[in-house]
Amino acid sequence: MTDSPDAFFMARAIGLAKKGRYTTDPNPRVGCVLVKDGVIIGEGWHVRAGFEHAEINALKSVPHDQNAAGATAYVTLEPCSHQGKTPPCCDALIKANVARVVVAMKDPNRLVSGQGLQKLLAAGIEITCGVLEQDAQALNPGFIKRMNQNRPFVRSKLAMSLDGRTALASGESKWITSTQARADVQRLRAQSSAILTGINTVLADDPQMNVRGIDEVLQPIRVVLDSQLKMPLTAKMAGLEGRSLILTGSNDLNKRQALQAVGFEVYQLDSKEDRLDLSAVMAFLAEQEVNEVLVEAGSILNGALMAGDWVDEWIVYMAPCVLGDQSRGLFSIPGLHTMADKKNLSLREVRQVGPDLKLTLSSES
């Protein structure tokens with residue numbers, strides 16, 4: 001059973017970790033609080049990959065007239081024990097002579113999981129693990145999934161009318177939802193490592209697929225599934241900050257070189273029946289250290305993702321309007337002939353965003 005003070009200080013550490021929500025990729029979001037005699041003497045969070053980790057920032061924040069000797073360190077993720085771009089955090093905590101380390105969750109990386117705790121124990125430091133573990137896991141669903149399953153956490157965003165339509169028959173779709181809902185989408189983009197779409201969406205809308213209206217954000221990687229390399233050389237995303245990737249099954253070298261010349265990265269992956277193999281796509285994104293993917297696509301790609309059970313979370317914005325039965329639907333899923341074939345989802349949250357409803361759903365296990 002978790003002691004109340006431990007939960008209190010860990011909740012503070014989790015709040016600090018959230019400050020890195022838009023900037024830590026591909027690293028996890030981590031917070032740390034140093035407590036001595038029941039009083040917080042230092043705190044920090046991981047701000048950006050390649051910069052100092054939460055524990056180091058917390059130790060540096062301790063006032064000069066105090067020190068961390070005998071303190072308890074509350075950390076949302078097991079302190080690292082290996083040399084990466086920065087020195088091991090375990091060594092810093094040991095050097096600071098902390099008496100106790102409270103950890104919300106072990107490192108999900110199986111190659112190092114538990115090693116940090118063992119190193120601290122060997123130095124005579126008391127360890128408590130598992131305090132507010134579920135809250136800590138919610139900070140980094142993509143990092144955890146990539147470490148455990150070699151694939152990113154996939155979230156798909158859709159906007160629909162009250163009758164489940166995404167666009168008129170002509171393809172016109174701006175705007176179904178409100179300005180408040182669109183601002184909420186920018187926050188979803190900002191916390192994502194990559195934004196994924198299909199070539200049909202690019203040809204129809206020429207989207208920028210970047211974050212707007214939010215400061216201090218790492219622009220997500222833009223990823224387009226383009227089996228036949230139909231991407232226009234004039235596409236808006238080609239000249240934007242950050243990376244724009246095209247994943248294709250085509251081996252057309254001339255098209256590939258032309259797209260690379262205007263700023264795209266082009267990668268050839270395995271295909272099945274003239275469509276990219278989604279398992280190959282997910283494995284490739286994991287290799288690129290992509291933690292969280294936000295899908296912004298049409299009915300064909302969303303249907304394929306649903307049919308293959310690739311989406312971990314569905315975010316659906318429902319506007320109080322009606323587009324009629326001639327308009328376009330959310331999913332294209334061939335082969336649904338009986339009610340036994342239907343795709344079931346679990347409704348996890350409903351909240352109002354401006355005049356719209358935001359539904360958060362997951363696939364039934």
> Would you say the side-chain atoms of R100 and T128 include a donor-acceptor pair closer than 3.5 Å?
Replying inline: yes
> Using a distance-only test with no angle check, is there a side-chain donor-acceptor pair under 3.5 angstrom linking T177 and D356?
Replying inline: no
> Roughly how far apart are L345 CG and T360 OG1, rounded to 0.5 Å?
Replying inline: 12.0 Å
>> Taking V75 as the starting point, is it possible to reach I40 by hopping between hydrophobic residues whose side chains are less than 4.5 Å apart?
In response: no
> Between atom CD1 of I246 and atom CD of Q268, what is the distance when rounded to the nearest 0.5 Å?
Replying inline: 13.0 Å
> Does R275 offer a backbone N or O that forms a donor-acceptor pair with the side chain of S227 under 3.5 Å?
Replying inline: no
>> We want to know whether Q288 and R243 form a side-chain donor-acceptor pair, criterion being a heavy-atom distance below 3.5 angstrom.
In response: yes
>> More than 12 heavy atoms of other residues, nucleotides or ligands under 6.0 Å from CD of Q180: yes or no?
In response: yes
> To the nearest 0.5 Å, what is the distance between OG (S156) and CG (L188)?
Replying inline: 10.5 Å
> Which atoms form the tightest heavy-atom contact between W45 and N57, and what is the distance?
Replying inline: O-ND2, 2.9 Å
>> Checking I199 against M231 for the side-chain contact (heavy atoms from CB on, under 4.5 Å) test, could you report, in this order, the C-alpha distance in whole Å, the side-chain angles of both residues, the deciding distance, and whether it holds?
In response: CA-CA 7 Å; I199 185 61; M231 175 68 74; 4.2 Å; yes
> Just checking, any donor-acceptor pair under 3.5 angstrom between side chains of S113 and D107?
Replying inline: no
> Roughly how far, to the nearest 0.5 Å, is the CZ atom of F264 from the CE atom of M237?
Replying inline: 6.0 Å
> Are side-chain N/O atoms of N210 and R212 paired as donor and acceptor at under 3.5 Å?
Replying inline: yes
> Any chain of hydrophobic side-chain contacts (each under 4.5 Å) joining L203 to L301?
Replying inline: no
> Looking at side-chain heavy atoms only, is the closest gap between L93 and P79 below 4.5 Å?
Replying inline: yes
> Would V102 and M10 satisfy side-chain contact (heavy atoms from CB on, under 4.5 Å), going step by step from the backbone distance to the final call?
Replying inline: CA-CA 8 Å; V102 180; M10 186 61 75; 3.8 Å; yes
>> Pair M160, I176 - check side-chain contact (heavy atoms from CB on, under 4.5 Å), show working.
In response: CA-CA 7 Å; M160 70 176 190; I176 293 175; 5.8 Å; no
> Considering all heavy atoms of both residues, which atom of P220 and which atom of S192 are nearest to each other, and what is their separation?
Replying inline: CB-O, 3.4 Å
>> Closer than 3.5 angstrom, by distance alone: can the side chain of T23 be matched with the main-chain N or O of V47 as a donor-acceptor pair?
In response: yes
> Closest heavy-atom contact between I41 and A71?
Replying inline: CD1-CB, 4.3 Å
> Taking NZ, NE, NH1 and NH2 as the nitrogens, is one of them in E296 or R189 under 4.0 Å from a carboxylate oxygen of the other?
Replying inline: yes
> Can you find a heavy atom in the side chain of I94 that is under 4.5 Å from one in the side chain of K119?
Replying inline: yes
> Angle class for the Y74/F9 ring planes (parallel below 30°, perpendicular above 60°, tilted otherwise)?
Replying inline: tilted
>> For a 4.5 angstrom cut-off between non-hydrogen side-chain atoms, does L139 reach I14?
In response: yes
>> Applying salt bridge (charged side-chain N to carboxylate O under 4.0 Å, His left out) to E313 and R348, what does each step give before you reach the verdict?
In response: CA-CA 10 Å; E313 184 175 85; R348 290 172 34 209; 2.9 Å; yes
> Under 6.0 Å from the six-membered ring centre of W175 and within 45° of its axis: does the NZ or CZ of R182 meet both?
Replying inline: yes
> How about D163 and S161: does a side-chain donor come under 3.5 Å of a side-chain acceptor?
Replying inline: yes
> Any side-chain heavy atom of C89 sitting closer than 4.5 Å to one from I56?
Replying inline: yes
> Taking everything shown except K106 itself, do over 12 heavy atoms lie less than 6.0 Å from its NZ?
Replying inline: no
> What heavy-atom pair brings G303 and F331 nearest, and what distance separates the two atoms?
Replying inline: N-CD2, 4.0 Å
> So, T76 side chain and G31 main chain: donor-acceptor pair closer than 3.5 Å or not?
Replying inline: yes
> Does any N or O in the side chain of T201 come within less than 3.5 Å of the main-chain N or O of A297, such that one atom is a donor and the other an acceptor?
Replying inline: no
>> Could you go through N302 and M306, starting from their C-alpha distance and side-chain angles, then the distance that decides it, and tell me whether this counts as side-chain contact (heavy atoms from CB on, under 4.5 Å)?
In response: CA-CA 6 Å; N302 273 306; M306 176 170 279; over 6 Å; no
> Shared ILVMFWY cluster between F153 and L225, side chains joined below 4.5 angstrom?
Replying inline: no
> Linking I/L/V/M/F/W/Y whenever their side-chain heavy atoms sit closer than 4.5 Å, directly or via other members, would Y22 and M209 fall into one cluster?
Replying inline: no
>> If you compare all heavy atoms of L276 against all heavy atoms of G249, which two are closest, and at what distance to 0.1 Å?
In response: CD2-N, 3.8 Å
> I214 and A190: which non-hydrogen atoms are nearest, and at how many Å?
Replying inline: CD1-CB, 3.9 Å
>> Tell me whether the rings of H46 and H53 are parallel (<30°), tilted (30 to 60°) or perpendicular (>60°).
In response: perpendicular
> Are N291 and D25 close enough that a side-chain donor and a side-chain acceptor fall under 3.5 Å?
Replying inline: yes
>> For N254, is there any backbone N or O sitting under 3.5 Å from a side-chain donor or acceptor partner on D252?
In response: yes
> Is a side-chain donor or acceptor of E349 paired with a backbone partner of R351 at a separation under 3.5 angstrom?
Replying inline: no
> Given side chains that start at C-beta, do those of M105 and Q137 come closer than 4.5 Å, heavy atoms only?
Replying inline: yes
> Any donor-acceptor pair under 3.5 Å linking the side chain of T24 with the backbone of N27?
Replying inline: yes
> Within the side chain of E55, is there an N or O that forms a donor-acceptor pair under 3.5 Å with the backbone of C32?
Replying inline: no
> In this structure, which one of R146, R155, R151 forms a salt bridge (Lys or Arg N to Asp or Glu O under 4.0 Å) with E292?
Replying inline: R155
> Distance from L245 atom CG to I195 atom CD1, nearest 0.5 Å?
Replying inline: 12.5 Å
> Side chains of R29 and R21: does their closest heavy-atom pair fall under 4.5 Å?
Replying inline: yes
>> I'd like to know if L158 and I315 are part of one continuous hydrophobic network [Ile/Leu/Val/Met/Phe/Trp/Tyr, side-chain heavy atoms within less than 4.5 Å].
In response: no
>> Quick check against the 3.5 Å criterion: does N67 have a side-chain atom that pairs as donor or acceptor with the backbone of A69?
In response: yes
> Any side-chain heavy atom of I221 within less than 4.5 Å of one from E289?
Replying inline: no
> Got a donor-acceptor contact below 3.5 angstrom from the E265 side chain to the L247 backbone?
Replying inline: no
>> So for atom OH, which belongs to Y267, do other residues, nucleotides or ligands contribute more than 12 heavy atoms lying within a distance under 6.0 Å?
In response: yes
> Will you find, in the side chains of R222 and S244, an N or O donor that is under 3.5 Å from an N or O acceptor?
Replying inline: yes
> L285 versus V293: any side-chain heavy-atom pair under 4.5 Å?
Replying inline: yes
> How many angstroms lie between CZ in F143 and CG in N109, if you round to the nearest 0.5 Å?
Replying inline: 6.5 Å
